[in-house]
Amino acid sequence: MKLVLLGAPGAGKGTQAEILSRTLSIPTISTGNILRAAMKNGTPVGLKAKEYVESGKLVPDDVIIGVVQERLAEPDCANGYILDGMPRTIPQAEALEANHIDVDCALSIEVQDQTIVDRMGGRRTCKNCSATFHVVSNPPKVEGKCDFCGGELGIRKDDAPETVKARLDTYHKETEPLKEFYQQRGKLKSVEGQDTIEETTAVIKKALGIE
Ligand code: AMP
């Protein structure tokens with residue numbers, strides 16, 4: 001299965017991608033996580049991406065396309081992948097097509113803006129492995145510590161309320177048109193993501209015809 005997850009920042013793409021990745025035994029390619037790791041390590045890609053990521057703007061398409069092409073060439077992607085956070089613009093989707101990177105289904109997780117703003121305030125992210133938690137709806141077993149690797153949890157800089165608003169504006173302007181793009185190709189499926197993680201997983205599995 002070659003899957004693209006669409007949805008606003010905070011819609012639950014990362015959380016659902018990790019669950020689907022385990023169910024389907026295919027890797028999740030999260031451009032946000034790749035960029036944050038590159039920034040932490042001070043690589044050339046990280047240096048280019050930093051100011052965009054921290055202010056909630058999109059990183060230029062050519063940087064993203066290079067990063068994704070490189071990652072998809074790795075052997076673990078041969079049987080399928082879940083793209084979380086890419087494509088985020090029509091040119092990125094066109095670049096996937098131009099490079100024969102297949103997409104079987106684009107799944108859009110629909111969540112209202114106000115719910116997003118409320119959710120982002122409580123999001124905590126592992127500084128080591130990027131796993132995400134929420135202080136109310138998905139708390140870690142030990143406060144401040146990642147359930148998976150024991151790393152320290154923190155608040156992403158771009159989860160600050162003003163930056164969240166900028167990211168939502170960018171989503172509506174640049175990314176939402178991708179729904180029409182994939183609709184025209186008969187590949188779009190939409191699900192409600194307003195409810196709990198488990199309920200959203202259930203509707204996604206139903207939409208994808210798995211389990
Ligand atoms: P995310 O973790 O998916 O919310 O991404 C965090 C930030 O990384 C975004 O706000 C952008 O600055 C950048 N980013 C991630 N994926 C992309 C992409 N496909 N195109 C452009 N910028 C991206």
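For clarity, every value in this text was computed on a predicted model and none was experimentally measured.
Contact between I197 and Q16 at its shortest, heavy atoms only, is O-NE2, 3.1 Å. Of all heavy-atom pairs between C126 and G151, the closest is SG-CA, 4.0 Å. Among all heavy-atom pairs drawn from G80 and P27, the shortest one is O-CD, 3.4 Å. When all heavy atoms are compared, the tightest approach of T163 to K157 is OG1-O, 4.3 Å. Here the closest heavy-atom approach between residue P139 and residue V136 is recorded as CD-O, 3.6 Å. Closest of all the heavy-atom pairs between G193 and T200 is CA-OG1, 3.7 Å.
With S108 contributing its side chain and G7 its backbone, the two residues share no donor-acceptor pair below 3.5 Å. With E97 contributing its side chain and E94 its backbone, the two residues share no donor-acceptor pair below 3.5 Å. Between the side chain of K57 and the main chain of R167, no donor-acceptor pair closer than 3.5 Å is present. For D159 (side chain) and I155 (main-chain N/O), no donor-acceptor pair under 3.5 Å exists by modelled atom type. Looking only at distances, no side-chain donor or acceptor of K50 sits under 3.5 Å from a matching main-chain atom of V45. Remark: side-chain polar atoms of Q194 are paired, donor with acceptor, to backbone N or O of Q112 under 3.5 angstrom. A donor-acceptor contact shorter than 3.5 Å is absent between the side chain of S137 and the backbone of H134. No donor-acceptor pair under 3.5 Å is formed between the side chain of K189 and the backbone N or O of A106.
The CG atom of D84 lies 9.5 Å from the CD1 atom of I29; values are rounded to the nearest 0.5 Å. Rounding to the nearest 0.5 Å places OG1 of T125 at 10.5 Å from NZ of K127. With values rounded to the nearest 0.5 angstrom, L168 atom CG is found 7.0 Å from M120 atom CE. Taking CG from D61 and CD from Q92, the interatomic distance works out to 4.5 Å, rounded to the nearest 0.5 Å. To the nearest 0.5 Å, the span separating CD1 on I116 from NZ on K165 amounts to 13.0 Å. Atoms CZ and OG, from R36 and S30 in turn, are 6.0 Å apart once rounded to the nearest 0.5 Å.
Within the 4.5 Å cutoff, no side-chain heavy atoms of C105 are placed close to those of Y182. Contact annotation: the side chain of E192 never approaches that of V203 to less than 4.5 Å [non-hydrogen atoms, C-beta and beyond]. Side-chain contact between T201 and T15: absent, with no pair of heavy atoms (C-beta onward) separated by less than 4.5 Å. Looking at D104 and K187, their side chains never come closer than 4.5 Å, going by heavy atoms from C-beta outward. At least one side-chain heavy atom of D158 sits less than 4.5 Å from a side-chain heavy atom of V53. Annotation: side chain of K48 is not in contact with side chain of V59 (no heavy-atom distance under 4.5 Å). Between I82 and L5, the closest side-chain pair of non-hydrogen atoms falls below 4.5 Å. For the pair E18/T28, a side-chain contact is recorded, criterion being any heavy-atom separation below 4.5 Å from C-beta on.
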### Message
Run I90 and E174 through side-chain contact (heavy atoms from CB on, under 4.5 Å) and show every step you take.
### Response
CA-CA 8 Å; I90 299 274; E174 307 270 358; over 6 Å; no
### Message
Please determine whether side-chain contact (heavy atoms from CB on, under 4.5 Å) holds for the pair V142 and D147, giving the CA-CA distance in whole Å, both sets of side-chain angles, and the decisive distance to 0.1 Å.
### Response
CA-CA 7 Å; V142 178; D147 287 358; over 6 Å; no
### Task
Determine, stepwise, if the pair E152 / R124 fulfils salt bridge (charged side-chain N to carboxylate O under 4.0 Å, His left out).
CA-CA 10 Å; E152 189 192 342; R124 300 291 179 269; over 6 Å; no
### Query
Do I109 and I204 pass the side-chain contact (heavy atoms from CB on, under 4.5 Å) test, and can you show the C-alpha distance, the side-chain angles, and the key distance before you say yes or no?
CA-CA 9 Å; I109 305 178; I204 288 176; 4.0 Å; yes
### Task
Take K2 and V103, measure what side-chain contact (heavy atoms from CB on, under 4.5 Å) needs, and give me the verdict at the end.
CA-CA 5 Å; K2 292 163 181 167; V103 171; 5.6 Å; no
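Hydrophobic clustering, with ILVMFWY side chains joined whenever heavy atoms are under 4.5 angstrom apart, keeps V135 apart from F133. Taken together through direct or relayed side-chain contacts under 4.5 Å among Ile, Leu, Val, Met, Phe, Trp and Tyr, I65 and L6 form part of one hydrophobic cluster. There is no path of hydrophobic side-chain contacts, each under 4.5 Å, that joins L107 to F181. Linking ILVMFWY side-chain heavy atoms closer than 4.5 Å, directly or via other members, places V164 and L58 in two distinct hydrophobic clusters. Both L178 and V4 are members of a single hydrophobic cluster when ILVMFWY side chains are connected at heavy-atom separations under 4.5 Å.
Look at K179 and E110 and you find a salt bridge, because one of the NZ, NE, NH1 or NH2 atoms lies within 4.0 Å of a carboxylate O, short of that distance.
Shown here is E70, whose CD atom has no more than 12 heavy atoms of other residues, nucleotides or ligands within 6.0 Å. No more than 12 heavy atoms of other residues, nucleotides or ligands shown are found within 6.0 angstrom of CG on N79.
Partner of Y81 under the side-chain contact (heavy atoms from CB on, under 4.5 Å) criterion, out of D76, I101, L24: I101 alone.
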